[in-house]
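Quick notes on the structure that follows.
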2 protein chains.
Amino acid sequence: MDQIDTQILKQLQHNAKISMKELATTVHLSSPAVIERVKKLEEQGVIEGYHAKVNIKKMERTIQAIILFKSIDCKSLSAFCNAHPDVLECYRVAGEISYIVKLATYSVETLEEFIDAAMPYGTPSTNIVLSSMEKKVITPFTDNNFE
Amino acid sequence: MDQIDTQILKQLQHNAKISMKELATTVHLSSPAVIERVKKLEEQGVIEGYHAKVNIKKMERTIQAIILFKSIDCKSLSAFCNAHPDVLECYRVAGEISYIVKLATYSVETLEEFIDAAMPYGTPSTNIVLSSMEKKVITPFTDNNFE
DNA sequence: CTTGAAAGGATCTAAGG
DNA sequence: CCTTAGATCCTTTCAAG
């Protein structure tokens, strides 16, 4: 993982569909060289996949919430969340809270349904998302100062 | 947005690099038809982009945390978070909490630095991430029962 | 790692239902 | 709005240095 790999990762995070040829010119290498580097990054598991990002609001999911649980039974809550289609992310955490769920749903009614269904697993504190920011490009820590 | 569009979105969320030809066969259409649908989804903003997913742990960022703020000044906190390289996501929320930050950092020392730097903007409650799940494929709400 | 040539696909266009 | 077929273009691959 040198600086060229870092540049490659930045580009692919920004635009997964860039051609290896174009990527090669932006990092000042030949295409075969870039292709080999990308393959290596994939094999090493540094690149986990390539995904289309969809606008969740256009999927009828107009309400987002982050629910904090002081859970009694994290394993069961985790299983419940993994199976629930409205859940986008969930985190088992150590701190004042024990479990955090981010979800996107359709209406206050469906939100209520979720909360009711999740109640048996812990005490929820619901926070409605007003606005948000999600970073698309993540750099290695050592690159923090090389922007 | 019919069921074919939904299938297309599922596929592209799963694998952004699938060729239009292959995508066409999976949804039982011809490639020109699929290409036109994908273009339309892009123009409508349903598809926001195509991004490589990198393994954050392989980026030296071995510690993840979710920090809850009872903030006094959300605007300033937001600006601070947007500019900070360790922040992955942040949310202005309405609830018991006013601001939520997800970050990935290098060490407890760098975590401490972040907390110290963020203190002026509100009272942080730090939760270290033990394990997590992030959904890669999101379906329209109406598709909840069509899996 | 580079270059250049060869091969294999993918996308695009046009014509038609 | 879809399909099929053909042509073009581009990308990747391969071989040699």
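Chain naming here is simple, since letters A, B, ... match the order of the sequence lines and numbering starts at 1 in each.
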Exercise. When you look at T142(B) and E60(A), which way does the side chain to side chain donor-acceptor pair (under 3.5 Å) test go after all the steps?
Worked result: CA-CA 8 Å; T142(B) 46; E60(A) 298 132 274; 3.0 Å; yes

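Heavy-atom neighbours of M119(B) CE from other residues, nucleotides or ligands within 6.0 Å: at or below the threshold of 12. Counted within 6.0 Å of CD on E112(B), heavy atoms from surrounding residues, nucleotides or ligands total 12 or fewer; the atom is thus considered open. Within 6.0 Å of atom CD in E36(B), 12 or fewer heavy atoms from other residues, nucleotides or ligands are found, so the atom counts as exposed in its surroundings. Within a 6.0 Å radius of CD in E42(B), more than 12 heavy atoms belonging to other residues, nucleotides or ligands are found.
Between E48(A) and K136(B) there is no salt bridge, since no side-chain nitrogen of the basic residue lies less than 4.0 Å from a carboxylate oxygen of the acidic one.
One interatomic measurement links the two molecules: CG of L29(B) to C1' of dC1(D), which rounds to 10 Å at whole-angstrom precision. Atom P of nucleotide dC12(C) and atom CD of E36(B) are separated by 11 Å, given to the nearest angstrom.
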For this session: If a protein heavy atom is under 4.0 Å from the base, mark B; if only from the sugar-phosphate, S; if neither, -; do that for nucleotides 12-17 of chain D going 5' to 3'.
Result: SBB---

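Heavy-atom minimum distance, T139(B) versus K10(B): CG2-CE, 3.6 Å.
Aromatic pair F114(A)/F80(A): ring centres closer than 6.0 Å.
The phosphate of dC1(C) has OP1 or OP2 within less than 4.0 Å of a side-chain N or O from R37(A).
For the helix from dC1(C)-dG17(D) to dG17(C)-dC1(D), the end axes, each set by the C1' atoms of five terminal pairs, are bent relative to each other by 30° (nearest 10°).
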